[in-house]
Amino acid sequence: MTNTIAMPSSETKPMPNLNDAQQRAIYHTQGPMLVLAGAGSGKTRVLTHKIAHLISQGVDPSQILAVTFTNKAAKEMSHRVETLLGKGQDAGLWIGTFHSICSRILRREIGKYQGDSGRNWKNNFVIYDESDSMTAMKEAIKALELDDKLYNPKNIRYHVSNLKNQMISAFQYASKAVDFRAEKLARIYDTYETILYRNNALDFDDLLKKTVELLQQNPDVRDRYHRQFTHILVDEFQDTNDAQYEMVRLIVEGCTKQERMQLNFNTLWQNRTFTVVGDVDQSIYSWRGANFKICLNFQHDYPDSQMIKLEHNYRSAKNILQVANAIIENNSERLPKELISVKPDGEKVTCYEAKDDRDEAFYIIERFQKLVQTGKYRPGDCCILYRTNSQSRVFEDILMSKGLSYTVVGGIKFYERREIKDVLAYLNIVFNDQDAFSVKRVLNVPKRGIGKTTVEKLETYANQNGISLYQALKQVDQIPDISGKTPKAIGGFVSVIENLKAHVENTSLHEFIIYTLEETGYLNELKMEDPLDNDGRIQNVEEFVSVARNYLLDNPEGDLAGFLTQMSLLSDIDNAEPAENKFVLMTMHAAKGLEFDVVAVAGLEEGLFPHSRSLSDKTQMEEERRLMYVGVTRARDHLFLTYSRRRLVFGEFRYGMPSRFLKEAPQELFTGNYTLDQEERYGGGSFDDDYRGGGYKRKIYGQRESGYTSSRFEEDEPPVSRIRPKRSTEVLKVPPPNLFPVGTRVQHVKFGQGTVEQVIGEGEKAVYNVKFDTIPGRKLLDPKFAKLEAI
DNA sequence: GGTAAATCTTTTTTT
DNA sequence: AAGATTTACC
């Protein structure tokens with residue numbers, strides 16, 4: 001980093017190493033501004049310098065609100081501001097994700113929030129993650145005695161989440177319900193809300209929605225934050241959703257949407273900064289409610305806003321950037337822009353066709369090793385990117401077998417592990433004993449002899465008497481049906497919790513967690529279960545204690561509330577320690593905002609990337625393409641793009657065609673063994689015969705021969721697909737292999753037209769998973785029996 | 001109420 | 001193929 005520059009004392013003395021557009025973005029501090037910042041254009045630098053500039057101009061840090069996309073980005077940004085200004089100079093700055101900023105506001109103000117049907121949360125609310133929210137949704141559907149086949153909890157949760165992101169309440173949704181199903185949905189939504197309310201819990205979407213409603217309902221609260229935050233900056237603006245935008249708008253303008261008409265923007269913008277930074281081409285979270293049209297509409301919402309484009313890319317070699325530019329040009333919904341690379345051409349982009357997923361992993365890892373051997377790169381500079389988390393497995397297997405160390409970012413998150421959730425459940429109960437989910441989770445962990453039927457009786461009693469589950473536990477003696485040893489066991493649990501409650505005040509956080517682990521007998525049970533800690537559970541629990549200790553070191557004022565909040569909102573990427581001796585693996589979503597010298601994008605196959613769920617929808621396909629753009633633009637020096645002819649999914653081989661994204665790039669920028677042309681691929685001959693080696697290509701091929709022998713022979717002739725073993729001996733007309741590759745449009749006599757989403761099994765035994773346009777769900781069809789025609 | 005066996009489900013991306 | 005969840009039996 002070249003950030004050893006002193007801050008200028010006035011606006012007339014520009015900072016060195018910043019280009020003209022960057023400087024204009026930094027020094028414009030009056031009024032709204034949209035910064036369209038392409039990948040690698042120094043967006044983070046602009047934001048940090050702008051914050052530092054504001055503070056150096058006398059703005060109190062507590063007047064600045066900076067919103068980032070991840071907690072890690074927040075941490076990094078405040079660190080960089082400190083580097084620019086000196087330690088502690090940024091004290092009081094509000095910086096964090098929308099979710100963490102909203103929790104901070106709600107912890108203070110939720111008492112003033114008026115929920116529907118008089119539901120008023122208390123400030124010791126707990127935050128439910130996706131799985132808790134899922135449990136609540138299942139409970140809601142069950143409570144209404146609805147069939148969870150017809151009302152799929154996952155589906156409905158997704159639907160409710162979307163409604164919340166659009167600020168639509170159950171009540172509002174019910175009033176507009178047009179059919180029977182919508183009415184039921186509204187009922188489920190409302191029941192779900194009731195369950196969360198009874199547990200004094202909020203889900204992720206509530207953090208945003210309830211903050212917005214709080215600000216709408218209370219002019220005094222709104223005005224307080226409006227006065228405080230005179231300088232607001234939002235990063236990754238293209239991934240903002242409606243609720244988030246409305247929250248920012250409420251604080252920036254200090255008025256409701258209705259009052260907005262009378263607002264005098266001329267006076268509003270005096271000494272007020274509102275800067276949003278984004279790149280429409282990198283909008284990859286629409287499935288989470290993000291709406292990049294907010295970005296496109298910004299100038300319409302704020303006609304007096306300034307707009308600045310950062311179009312110089314300081315990150316990627318020219319060849320890499322050209323590939324990215326060529327691919328993204330295939331999107332129609334975008335603001336035209338061409339990123340200009342300031343770096344040399346660099347090497348050609350390598351495109352590799354692997355025999356299978358293992359071959360692909362071997363190839364990438366060996367190429368990475370070669371680059372590390374040159375001494376120019378460390379393993380930590382090399383990153384493997386993929387579409388789905390499940391793809392990490394093959395890479396991990398092979399890295400492990402080679403004895404190489406690696407970090408997987410994402411996937412199973414630390415705090416989603418069973419033992420961590422158990423400990424967190426105890427802490428949650430101490431903090432908020434209304435949280436019935438946590439009570440249920442650990443009531444019998446460690447085993448206390450309290451079973452399912454007992455829990456059901458307790459719940460019934462609690463519901464009948466309008467008390468919380470924990471209150472019911474306390475009154476167990478008055479519940480007629482529970483007898484024998486059970487009341488004593490329950491009493492034991494209650495006294496453990498009461499004992500913990502008595503200790504929480506005067507014990508430091510990590511000591512309290514250790515106390516909890518011992519007092520509850522949880523640690524003992526772990527030790528009994530697995531004395532050698534083969535599963536690493538004890539280690540994870542110990543790690544958790546360290547997490548708490550670190551939290552206290554970072555936040556000297558921190559308490560249980562703050563710790564629990566942070567634990568709920570922390571994502572895996574936030575914890576990812578940059579270790580220079582470890583290869584990095586992650587999804588392209590997780591890679592947003594990061595950069596690496598060496599990058600491989602793996603699994604470039606139709607149906608995987610672009611994902612099968614996006615094949616038939618133009619909007620979704622464009623989002624996949626933006627994701628590809630994000631992946632490619634992570635690379636500084638070297639880029640590998642790979643795909644496999646077949647891959648093991650759910651224990652079956654699946655066949656795919658090379659991703660369309662590869663074909664969208666100018667082929668003269670590629671090198672490698674690829675064959676993207678379908679006619680050539682199926683014109684006859686095996687893959688190996690088909691190989692047309694040139695100098696460089698042959699070298700790769702040679703490596704492959706020597707390096708991947710074991711994988712080639714072990715897997716070359718896989719056991720016959722098990723999908724249709726019974727009929728396989730019958731003499732039938734055999735369709736050629738991959739008659740209908742993934743993505744093919746097909747016609748069926750009965751079902752009409754559809755798209756092939758998967759090919760399961762090999763050649764003649766292949767069956768095709770087809771999504772028909774008019775029928776919900778997918779149909780598994782065998783062309784030997786079903787009349788299928790490509791159209 | 002607890003265990004072992006059988007069966008179902010998973011893989012889109014995440015605050 | 002692996003994990004989670006449900007069921008069957010003690």
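Each chain gets a letter, A, B and so on, in the order its sequence line appears, and its residues count up from 1.
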Could you list, one pair per line, each protein nitrogen or oxygen that sits under 3.5 Å from a nitrogen or oxygen of nucleotides 2-6 of chain B, together with the distance?
unit_1: dG2(B); atom_1: OP1; unit_2: G449(A); atom_2: N; d: 3.4

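- Rounded to a whole Å, the CD atom of E622(A) is 22 Å from the P atom of dT13(B).
- Residue-level contact check: S614(A) touches neither bases nor backbone, having no heavy atom under 4.0 Å from any strand.
- Nucleic acid contact class of Q391(A) (heavy atoms, under 4.0 Å, all strands): none.
- Taking the side chain of H589(A) as heavy atoms from C-beta on, and the options dT10(B), dT13(B), dT15(B), the nearest nucleotide is dT13(B).
- Here the side chain of T454(A) is nearest to one of dT15(B), dT14(B), dG1(B), namely dG1(B).
- A salt bridge does not link E624(A) to R660(A): none of the charged nitrogens lies less than 4.0 Å from a carboxylate oxygen.
- OP1 or OP2 of dT14(B) sits under 4.0 Å from a side-chain N or O of N389(A).
- Listed pair S100(A) / dT15(B) fails the phosphate criterion, with no side-chain N or O lying under 4.0 Å from OP1 or OP2.
- The distance from atom CG of L615(A) to atom P of dT11(B) is 19 Å, rounded to the nearest whole Å.
- If you measure from atom CD of E130(A) to atom P of dT11(B), you get 10 Å, rounded to the nearest angstrom.
- Atom CD of E652(A) is separated from atom C1' of dT10(B) by 14 Å (rounded to the nearest Å).
- Applying side chain to side chain contact (heavy atoms under 4.5 Å, CB included) to Q244(A) and the options I101(A), L208(A), T97(A), V67(A) leaves one that passes, L208(A).
- Once the 5.5 Å centre distance and the 30° plane angle are applied, the aromatic ring of Y285(A) is found not to be stacked with the base of dT13(B).
- Side-chain N/O atoms of T453(A) include one lying less than 4.0 angstrom from OP1 or OP2 on dG1(B).
- Rounded to whole Å, the distance from CD on E416(A) to P on dT14(B) is 10 Å.
- The CZ atom of F563(A) sits 10.5 Å away from atom CG of N555(A), with the distance rounded to the nearest 0.5 Å.
- At the phosphate of dT10(B), neither OP1 nor OP2 sits under 4.0 Å from any side-chain N or O atom of S390(A).
- Between the CZ atom of R625(A) and the P atom of dT13(B) there is a distance of 21 Å, given to the nearest Å.
- Toward the 5' end of DNA chain B, the nearer of the two residues F204(A) and T486(A), judged by each one's closest nucleotide, is T486(A).
- A centroid separation of 6.0 Å or more is found between the aromatic rings of Y189(A) and Y151(A).
- Using the six-membered ring where Trp is involved, Y386(A) and F395(A) have ring planes that are parallel, under 30° apart on the 30 and 60° scheme.
- Applying the side chain to side chain donor-acceptor pair (under 3.5 Å) criterion to R108(A), with sequence neighbours excluded, gives Y225(A).
- Ring geometry for Y113(A) versus W121(A): interplanar angle of 30 to 60°, hence tilted.
- One interatomic measurement links the two molecules: CZ of R418(A) to C1' of dG3(C), which rounds to 12 Å at whole-angstrom precision.
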For Y192(A) and S133(A), run side chain to side chain donor-acceptor pair (under 3.5 Å): C-alpha distance rounded to whole Å, both residues' side-chain angles, the deciding distance at 0.1 Å, then the answer. CA-CA 9 Å; Y192(A) 170 82; S133(A) 149; 3.0 Å; yes

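- Of the candidates dT13(B), dG1(B), dT11(B), the closest approach to any side-chain atom of R613(A) belongs to dT11(B).
- Taking atom CD of residue E236(A) and atom C1' of nucleotide dT15(B), one finds them 13 Å apart after rounding to whole Å.
- With the nearest nucleotide of DNA chain C identified for both R393(A) and K138(A), R393(A) has the one nearer the 5' end.
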